[in-house]
Amino acid sequence: MRSMIDILELSTKEIDELIDVANDIIANPADYAEKCKGKKLATLFYEPSTRTRLSFEAAMYELGGNVLGFSEANTSSASKGETVADTAKIISGYADIMAMRHPKEGAPYVASQNAYVPIINAGDGGHHHPTQTLTDLFTIKREKGRLHDLTIGFCGDLKFGRTVHSLITAMARYENIRFILIAPDELKLPGYIRYGVLENNGIAYRETTSLEEVMPELDILYMTRVQQERFSNIEDYLALRDTYILGVDKLATAKEDLCILHPLPRVNEIAVAVDADKRACYFRQALNGKYIRMALILKLLAEKDTPTAKPEGAVSFEGAACINPRCISSTERDLPHLFKEVDKGIFRCIYCDTKLNI
Ligand code: NCD
């Protein structure tokens, strides 16, 4: 059975097909109204969410299916100490497909290795968020008409922003994409994206701390919230929170057809006055999330008999454990510490991609 943990599990052809289906759903909603009749989606949300959870639920209802689940870890047996692996096995008996959001990086992956139904990663810690990426790709295609030949500026929290990590990973596969990374030193992109995706594949990128300086070059500006919940102390967060605030004034030098995206929620990084600008696409982006999730649910249910891929080439080293405190291997009992060799002599944790120092 097929799960959706990392955006790279989908080929660019499959992404095109999902976009086509989502467009068809928008054009002909009645054709899809009973496609999931008798099917159930479980939403397992161990972390707050508005758009992701409710768009998944709306997506399943609009396909004629039903929804069950929880929206807080403390209302589930996680609060009694149940492992993700056990929860995934149990819910497999109650639902046909599950969407999981978890603060621990790699938790949905562990669920997918243990469940008997497809698992969708709805955000794991500061790691990945593939369905937001599908939403972003769908929005870029609808707004710009293409997924190639684009200069994309990512602005804000590029360290903890999981939507950024997944979108860079996905966009790096298209022709002639240039990334401009706009972030303070403290919030720069993590190594597994910088080296694993950009440098290793020779992809053009530039780093700056100034949004104003690069504004005229951008086709897409992807604003992000500084991820307060990933900071270990509030002072560090407060010192960085207001680094970038996009106001109407800053758009004066921007292209006429700039597309401004934000996964939302926004705190204060985009002034409300910008909402009236035709270049503000983020509310349309949030709506698109429902349609592309409908397309994804249909695809995964149709492919549910495909066997789950086992971790290929995973190795363990005596006494070696992942050092990332946000990794699922730091809390999940009986989970082996496994690593994959990503480059000669460079090993990364299979759950969270943190580099192993040996
Ligand atoms: C994002 C997330 O949860 O990573 N939100 C979302 O799913 N639309 C971004 C964020 O919380 O800042």
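Note: hydrogens, waters and symmetry copies are ignored here, and every other heavy atom, side chains too, is used. Keep in mind that this is a model prediction, so the values were computed, not measured. As the structure lists them, so they are numbered: ligands from 1, and atoms in each ligand from 1.
- Counting the atoms of ligand 1 from 1 in the order shown, those under 4.0 Å from a heavy atom of Thr52 are 6 (C), 7 (O).
- For ligand 1, the polar-atom distance check finds no N/O of Thr163 at less than 3.5 Å from any of the ligand's N/O atoms.
- Between Tyr282 and His262, the angle of the ring planes goes over 60°, which puts this pair in the perpendicular group of the 30/60° scheme.
- The only member of Lys37, Lys290, Arg293 that meets salt bridge (Lys or Arg N to Asp or Glu O under 4.0 Å) when paired with Glu62 is Lys290.
- Figure legend: cation-pi geometry between Lys35 and Tyr32, with NZ or CZ positioned under 6.0 Å from the six-membered ring centre and within 45° of its axis.
- No heavy atom of Gly289 sits closer than 4.0 Å to any atom of ligand 1.
- Considering backbone and side-chain atoms together, Pro263 places an N or O closer than 3.5 Å to an N or O of ligand 1.
- His128 and His165 have perpendicular rings, their planes meeting at more than 60° on a 0 to 90° scale where under 30° would count as parallel.
- Between Glu47 and ligand 1 there is no heavy-atom distance shorter than 4.0 Å.
- Among protein heavy atoms, the minimum distance from atom 11 (O) of ligand 1 is reached at Arg225 NH2, 2.8 Å.
- Below 3.5 Å of separation, one finds an N or O of Gln132 facing an N or O of ligand 1.
- When all heavy atoms are compared, the tightest approach of Gly126 to Tyr192 is O-OH, 3.8 Å.
- When all heavy atoms are compared, the tightest approach of Glu105 to Cys352 is CB-CB, 3.7 Å.
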Chi angles and distances behind the side-chain hydrogen bond (donor to acceptor under 3.5 Å, both in side chains) call for Glu57, Thr43:
CA-CA 8 Å; Glu57 297 192 355; Thr43 51; 2.9 Å; yes
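- Per-residue contacts place Pro265 under 4.0 angstrom from the following atoms of ligand 1 (heavy atoms of the residue considered): 10 (C), 11 (O).
- Of the candidates His262, His165, Arg162, Arg162 brings a heavy atom nearest to atom 4 (O) of ligand 1.
- Remark: minimum distance from atom 6 (C) of ligand 1 to any protein heavy atom is reached at Leu264 O, 3.4 Å.
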